[in-house]
Amino acid sequence: MPENDTVEPQPPRSLFTLDLNAIRHNAETLRRAAAGAALWAVVKADGYGHGAVDVARAALDGGATALCVATLAEALELRAAIPEARVVVMGPVPADGVVTARDAKLEVVTADGFVPEGVPVHLKLDTGMGRWGLSELPSPSRNVVGVMSHLAVSESDPAFTHTQTERFREATDGLEGVERHLANSAATLRHPQAAFDAVRCGIALYGISPFGTSQAADDLEPALRWESHLALVRLLERGDSTGYGRRFVAERPTWIGIVPVGYADGFRRDLTGTEVLVDGERRRVVGTISMDALAVELRGELPKGTQVTLIGDGVAIEEHARVAGTIGYEIATGLDSRAPRAERVVVG
Ligand SMILES: *Cc1c(COP(=O)(O)O)cnc(C)c1O
């Protein structure tokens, strides 16, 4: 091979940076809002796409006293990484998973009246979610350590949230030796009367507003940055199009940049029209987003390799969610930060 033919190192297609300082900050904000109730960190779905183990450690540092996940498999991953943490599996555990849960020192939730033996159990009451949950509490057995319920409209309907809170209070009043927990992020931030003994917070811990509005208003800091670069810059002549379906046709000579990130990375197909930062300036995503690439409209020619910020520096997950007609939760959990498609680093 000739000497000058050495291969230049390629930048990653995209880079995710998780800021643990932000997670700790958000944990503190939530603890303050919970006014005396314990903070339990919800890290299901790989920590809402942020990385469950890293987020869990930072949340515990920030004062959280337990971790909550949806499945037994998620709990086992946490248990292997953080042997001493309290871990609650909130979703159904199959009967043949109870022994595994017991051996891994997990806590489980029952929503159907069957109280497994040998593991700490939380009873889940239905106070209005209309999903999983008991309509009445069974007589408590020794291994019941908690009673919980889940709120259906805590981000949007204070009256129904109040109704659910009061139903929960009445159903659990006088119970002794169990922890009562009801509130999620939105309730923790807006309905302090729903805090009881512990609050289970997910979305706000990541610095994403449960209300779909500004995180800063609730003293939350976004914890995730997502960056990529212009892999190709080209000039479209009038009438030229970019991408599948010819959904963007240049009305005049237009510089566009191609970013090597697409819907397989979590930049959804319905994000056309959203804004990202190109070299620090807001630019529109145009045309059809493909599996591995998207196009941005530029003001002029820019060098290949120019930085593109897809999330961060004021480009918020909530904003992308509005464009896609969904919620921040779905954008976050859809992100794929795993190698080999992306690189992921942790700072703080
Ligand atoms: C996901 C979940 C939460 C966390 O909700 P956020 O809105 O993300 O704070 C709390 N409780 C239960 C039962 C959940 O499933």
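All ligand and atom numbering here is 1-based and tracks the order in the structure. Heavy-atom basis, side chains included; hydrogens, waters and symmetry copies ignored.
Among the atoms of Met148, none of the N or O lies under 3.5 angstrom from an N or O of ligand 1. Looking at ligand 1, you won't find any N or O of Met90 less than 3.5 Å from one of its N or O atoms. At least one N or O atom of Tyr48, backbone or side chain, sits closer than 3.5 Å to an N or O atom of ligand 1.
Regarding atom 9 (O) of ligand 1, its nearest protein heavy-atom neighbour is Ser185 OG, 2.5 Å. Scanning all protein heavy atoms for the shortest distance to atom 12 (C) of ligand 1 gives His150 CE1, 3.3 Å. Looking from atom 7 (O) of ligand 1 to the surrounding protein, the closest heavy atom is Tyr329 OH, 2.6 Å. With respect to atom 11 (N) of ligand 1, the closest heavy atom belonging to the protein is Arg200 NE, 2.9 Å. In terms of protein heavy-atom proximity, atom 14 (C) of ligand 1 is nearest to Lys44 NZ, 3.0 Å.
Ion pairing between a basic and an acidic side chain is recognised when a charged N comes within 4.0 Å of a carboxylate O; Arg190 and Glu155 show no such pairing. Using a 4.0 Å cut-off between charged side-chain N and carboxylate O, Arg86 and Glu107 make a salt bridge. Salt bridge Glu330/Arg268: present, at least one basic N to carboxylate O contact under 4.0 Å. Taking 4.0 Å as the cut-off between side-chain N and carboxylate O, Asp54 and Arg344 count as a salt-bridged pair. Glu319 has a carboxylate O that lies under 4.0 Å from a charged side-chain N of Arg282, or vice versa, which qualifies the two as a salt bridge. Using a cut-off of 4.0 Å between Lys/Arg side-chain N and Asp/Glu carboxylate O, Arg284 and Glu297 are scored as salt-bridged.
Between Phe267 and Trp226, the angle of the ring planes lies from 30° to 60°, which puts this pair in the tilted group. Ring planes of Phe168 and Phe196: perpendicular class, angle over 60° (limits at 30 and 60°).
Residue contacts with ligand 1, taken as heavy atom pairs separated by less than 4.0 Å, involve Val42 solely via side-chain atoms from C-beta onward. At a 4.0 Å heavy-atom cut-off, ligand 1 touches Cys201 through the backbone alone.
Taking every non-hydrogen atom of Ile203 and a distance limit under 4.0 Å, the qualifying atoms of ligand 1 come out as 6 (P), 7 (O), 8 (O), 9 (O).
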